[in-house]
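What follows is a set of notes on a single structure, which appears directly below.
Numbering starts at 1 and runs along the sequence shown. FYI, side chains are in, hydrogens and waters are out, and symmetry mates aren't considered; it's all heavy atoms of this structure.
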Amino acid sequence: MTIQQGHAPTGSIGWQLAIAATAIAGTLATACMMPFVALATVAAATMPRRQAAATIVGVWAVNQLLGFTLLGYPTDPRTMAWGGALGVATLGAMLIAAAVLGKRAPTLVRLVAAFASAFVGYEAGLFAFALVAGGTGAFTPAIIGQILLNDACWCAALVAVHAVLTRAAPRAFGPPLALVAA
């Protein structure tokens, strides 16, 4: 593969809407296992930083709205605080992924490094919040491993969906990522 983008990614409204649809479907399908790190990483790889940040905040807001209305999340202060912590951690994950990716076209190695770094940052942020708010029991190796696997699968699927959509309709979804191995 050759690199088709030599600078920062260029997002499109079509891709933002596809990510929003993914967030809605993901929330309804997985509720508490929303792949925030996957969404943050793919947004960072495919959109300019401001657009990625706006998309991630929108994804988080949709998730919270659906959770507190349709899925019946409790509306107690602790649950709402955890919702806020998820938003901050997700935005942080996007910023970490964007920093690792830099302004050059993403390579496969940089994309994997961005995902891994974003995941560590996301979980560290949530663990720090859990130290204050309670809930550190959810940070077992088994649970973290399950969340990592979920996010990694979603990330791979989102990259694949992006490839299909951008090749089929680049005007609507933006230019494709041409990931090289190096």
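- No side-chain heavy atom of L91 sits less than 4.5 Å from a side-chain heavy atom of W60.
- Contact of the F36 side chain with the N63 side chain is registered, since non-hydrogen atoms from C-beta on lie closer than 4.5 Å.
- Taking each heavy atom of A44 and A97 in turn, the nearest pair found is CB-CB, 3.8 Å.
- For the atom pair C153 SG and L148 CG, the distance stands at 9.0 Å (nearest 0.5 Å).
- Between the OH atom of Y122 and the OG1 atom of T41 there is a distance of 11.5 Å, given to the nearest 0.5 Å.
- Linking ILVMFWY side-chain heavy atoms closer than 4.5 Å, directly or via other members, places V62 and W154 in two distinct hydrophobic clusters.
- Following chains of ILVMFWY side-chain contacts shorter than 4.5 Å, one can reach F127 starting from L86, so the two form part of one hydrophobic cluster.
- Taking every heavy atom of both residues into account, M94 and I56 meet most closely at CG-CG1, 3.9 Å.
- Scanning all heavy atoms of the two residues, the minimum distance from W15 to V42 falls at CZ2-CG1, 3.5 Å.
- For the atom pair CE of M34 and CD1 of I147, the computed distance is 13.5 Å after rounding to the nearest 0.5 Å.
- Considering every non-hydrogen atom in both C155 and A38, the closest pair reads N-CB, 3.5 Å.
- In this structure, W82 and L126 have side chains that are in contact, with non-hydrogen atoms separated by less than 4.5 Å.
- Heavy atoms only, all atoms of each residue included: Q51 and I13 are closest at NE2-N, 4.4 Å.
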Legend entry - Residues V37, F115; criterion side chain to side chain contact (heavy atoms under 4.5 Å, CB included); working and verdict: CA-CA 7 Å; V37 175; F115 172 79; 3.8 Å; yes
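- Under the 3.5 Å distance criterion, the side-chain polar atoms of R49 are left unmatched by any main-chain donor or acceptor of L95.
- Nearest heavy-atom pair, A40 versus T90, reported as atom, atom and distance to 0.1 Å: CB-O, 3.8 Å.
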Inset, instruction - Applying side chain to side chain contact (heavy atoms under 4.5 Å, CB included), run through F119 and I96 and close with a yes or a no. - result: CA-CA 9 Å; F119 187 82; I96 290 167; over 6 Å; no
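- Between the side chain of R110 and the backbone N or O of G102 there is no donor-acceptor pair closer than 3.5 Å.
- Tracing side-chain contacts under 4.5 Å through hydrophobic residues (I, L, V, M, F, W, Y), one reaches I19 starting from L165; they form part of the same cluster.
- For the atom pair L149 CG and Q146 CD, the distance stands at 8.0 Å (nearest 0.5 Å).
- Note on V88: it does not cluster hydrophobically with F129, by side-chain heavy-atom contacts below 4.5 Å among ILVMFWY residues.
- Cluster membership for L39 and V100, using ILVMFWY side-chain heavy atoms within less than 4.5 angstrom, is not shared.
- For the atom pair L101 CG and T107 OG1, the distance stands at 8.5 Å (nearest 0.5 Å).
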